[in-house]
There are 2 protein chains.
Amino acid sequence: MERKRADIIAEELEGLIFDGTFDNGERLDEVQLAEKFSVSRTPIREALQKLAQSGLVEQIPRRGVFVRQPGPVELIEMFEVMAELEAVCARLSASRISDEALADLHEANQRCNEAVDAQDADLYYRENERFHAILYRQSGNRFLEQECLRLHRRLQPFRRLQLRLRGRMRQSMGEHEAIVKALEAGDGNRASAEIRGHVAVQGEKFHHLIANLKPAAE
Amino acid sequence: MERKRADIIAEELEGLIFDGTFDNGERLDEVQLAEKFSVSRTPIREALQKLAQSGLVEQIPRRGVFVRQPGPVELIEMFEVMAELEAVCARLSASRISDEALADLHEANQRCNEAVDAQDADLYYRENERFHAILYRQSGNRFLEQECLRLHRRLQPFRRLQLRLRGRMRQSMGEHEAIVKALEAGDGNRASAEIRGHVAVQGEKFHHLIANLKPAAE
DNA sequence: GTCAATATTTTTGTATACAAGAAAACATAC
DNA sequence: GTATGTTTTCTTGTATACAAAAATATTGAC
């Protein structure tokens, strides 16, 4: 499955927006980017449209595209929606989840623990993602799964930032355990509540993080 | 806010896919479409990419784009997610909803009733949409609101089809009433449950509809 | 010097031209 | 007749060229 340049560029640009290379509100110049990537404007435009669709940039007709970093309010909102979607996953999972999936969840958690011990943020991050992905899949609703993955992906950089907080990884682990326990007990409502808290707290933490750390804001 | 041709074409194509002009799995030929719309391939490609992003067509690299009508299973799944999202809206609304918004909901319902009496499906449809839009807005979460509107829009043609069922409009009205009552009582859980049923039933009805009626599709 | 109107430049949107990969057609071997 | 390998055609992806709109600069009036 060969991908086209435009797709690769879209990913690259996504990364550049996430890591803050492009400031909020900054205009992305097509010809500049074309030079930068040594391609013509065509694949650049394709990539930009893709980013516009996923909400990372705003495209104003005949004016250009501008990076659009979500503000604190929107971030909280997004985490809230993420929390609710995952809560739905948990509730749906509770009755249908397989023993195998439960074992996978345990395993992911196990590796998360090891990552915390080893201070390996990358590993933690990967296994945490796996944990959540399993949950999405176990909802039994493929469409829901897709939507969850989409939003999860979008929140990725912010979650990552937030994980740097002292002790957050350890705390997060405990929450995971509680979720799995509830699922094992087949208690959808409890699992749902646990995960809602688990995700929503991330938004709040992030909020505090930037509130304290960011005197200069837009 | 002048729009570009590509956006207009995207909308047109969307309509053509919805109304079944293009069969499922059919390949959309760029040059054919370019001729049909009397433009070059460039805006056509833009439009197709947009459709691909919203899931109406599947784009296979170097092969082309193919219309991708959701099957019965996926439709049910989508309605289930819609139901859950709206349930979240209702729950969040319950505590924060304004009297004004409640009045608007009543008004929309009133007009829905009139539409049912007048057998005016279009009017019913419009007011029904307004009812749901108010709910989304009253969640107080703009991101959630956007996501709801997006999915609502995507399900639009199927909902419409389903409304043709005998007595469904009338029944739907009653469900709306129950939702508003729960909101007035500030009972988020009840409102949530009511609307979850209200939306989810649409998916099921649709399922039955096509299951019984499907030998000849339109 | 400020403001407004016009001219210039820049930038987006669209058309066309070209390149490369995939599908189809054809030919040859068995 | 079928299967395989080659050639041709067709289609997508990218580059370039052009058109139109917006931004910027320039000129002139006051």
Side-chain angles (χ1 to χ4, degrees), chain A residues 1-18 20-70 150 153 218, chain B residues 1-18 20-69:
Chain A
M1 179 264 221
E2 296 215 18
R3 290 160 60 214
K4 44 186 180 177
R5 269 192 269 272
D7 290 344
I8 297 164
I9 291 169
E11 251 178 56
E12 291 257 353
L13 285 177
E14 202 177 83
L16 292 177
I17 292 173
F18 282 157
T21 304
F22 297 119
D23 281 355
N24 190 22
E26 189 174 340
R27 179 171 141 272
L28 296 181
D29 191 276
E30 294 180 1
V31 300
Q32 257 174 259
L33 292 174
E35 272 183 37
K36 182 180 168 71
F37 287 98
S38 309
V39 294
S40 80
R41 277 176 54 219
T42 311
I44 297 289
R45 280 179 64 83
E46 243 185 69
L48 290 180
Q49 285 165 235
K50 212 168 179 179
L51 296 188
Q53 284 279 323
S54 64
L56 272 86
V57 302
E58 190 176 9
Q59 188 171 31
I60 303 172
R62 303 221 173 259
R63 307 293 290 285
V65 305
F66 303 83
V67 328
R68 190 181 156 292
Q69 298 281 18
R150 204 172 55 91
R153 204 166 118 74
E218 37 95 36
Chain B
M1 180 264 224
E2 295 216 20
R3 290 160 61 216
K4 45 185 180 177
R5 271 194 268 273
D7 290 344
I8 297 165
I9 292 169
E11 250 178 56
E12 292 256 353
L13 285 177
E14 203 177 82
L16 291 177
I17 292 174
F18 282 157
T21 304
F22 297 119
D23 281 355
N24 190 24
E26 190 174 340
R27 178 170 141 272
L28 297 181
D29 190 276
E30 294 180 0
V31 300
Q32 256 174 261
L33 291 173
E35 271 182 38
K36 182 180 166 70
F37 287 98
S38 308
V39 294
S40 80
R41 276 176 55 218
T42 312
I44 297 289
R45 279 179 64 84
E46 243 184 72
L48 289 179
Q49 284 166 235
K50 213 168 179 178
L51 295 189
Q53 284 279 324
S54 64
L56 271 86
V57 302
E58 190 177 7
Q59 189 170 31
I60 303 173
R62 302 219 173 260
R63 308 292 290 285
V65 304
F66 303 83
V67 327
R68 189 182 159 291
Q69 299 279 17

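Predicted model only: the values in this text are computed from it and were never measured. All chains are named by letter (A, B, ...) in the order of the sequence lines, taking the proteins before the strands, and each is independently numbered beginning at 1.
- Contact check, A/R63 against D/dA23: a side-chain N or O comes under 4.0 Å of OP1 or OP2.
- Atom C1' of nucleotide C/dT11 and atom CZ of A/F66 are separated by 11 Å, given to the nearest angstrom.
- Judged by closest nucleotide on DNA chain D, B/G64 is the one of B/G64 and A/S38 placed further toward the 5' end.
- Looking at heavy atoms from C-beta onward, B/L51 lies out of side-chain contact with B/Q59 at the 4.5 angstrom threshold.
- Within 4.0 Å (heavy atoms only), A/V39 reaches sugar-phosphate atoms of the nucleic acid but no base atom.
- When the nearest nucleotides of DNA chain C are assigned to A/T42 and A/V65 by heavy-atom distance, the more 5′-ward of the two goes with A/V65.
- Atom C1' of nucleotide D/dT14 and atom CD1 of A/I8 are separated by 13 Å, given to the nearest angstrom.
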How far apart are the C-alpha atoms of B/K50 and B/E14, what are their side-chain angles, what is the distance that settles it, and do they pass the salt bridge (Lys or Arg N to Asp or Glu O under 4.0 Å) test? CA-CA 10 Å; B/K50 213 168 179 178; B/E14 203 177 82; over 6 Å; no
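- Dashed line: the shortest gap from a side-chain N or O of A/S40 to OP1 or OP2 of D/dA15 is under 4.0 Å.
- Going from atom CD of A/E35 over to atom P of D/dA15 covers 13 Å, rounded to whole Å.
- Residue B/R41 places a side-chain atom within donor-acceptor reach of the base of D/dG13, judged by atom type and a 3.5 Å distance cut-off alone.
- Note: CZ (A/R62) to C1' (D/dA21) measures 5 Å, nearest angstrom.
- Between C/dG13 and A/R45, a contact under 4.0 Å exists linking OP1 or OP2 to a side-chain N or O.
- Rounded to whole Å, the distance from CG on A/D7 to C1' on D/dT12 is 13 Å.
- Of the listed nucleotides (C/dG13, D/dT11, D/dA15), D/dT11 has the atom at the smallest distance from the side chain of B/D29.
- Taking atom CG on B/L48 and atom P on D/dT12, their separation rounds to 9 Å, with Å as the unit.
- Comparing C/dG13, D/dT12, C/dT14 by their nearest atom to the side chain of B/E30 picks out D/dT12.
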Under the salt bridge (Lys or Arg N to Asp or Glu O under 4.0 Å) rule, what do B/R5 and B/E46 come out as? Steps first, then yes or no, please. CA-CA 10 Å; B/R5 271 194 268 273; B/E46 243 184 72; over 6 Å; no
Please test B/K36 against B/E12 for salt bridge (Lys or Arg N to Asp or Glu O under 4.0 Å), starting from the C-alpha separation and ending with a verdict. CA-CA 11 Å; B/K36 182 180 166 70; B/E12 292 256 353; over 6 Å; no
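- Atom CZ of A/R3 is separated from atom P of D/dT14 by 12 Å (rounded to the nearest Å).
- Panel note: side chain A/E30, backbone A/G64; no donor-acceptor pair is recorded below 3.5 Å.
- The distance from atom CD of B/E46 to atom C1' of D/dT14 is 15 Å, rounded to the nearest whole Å.
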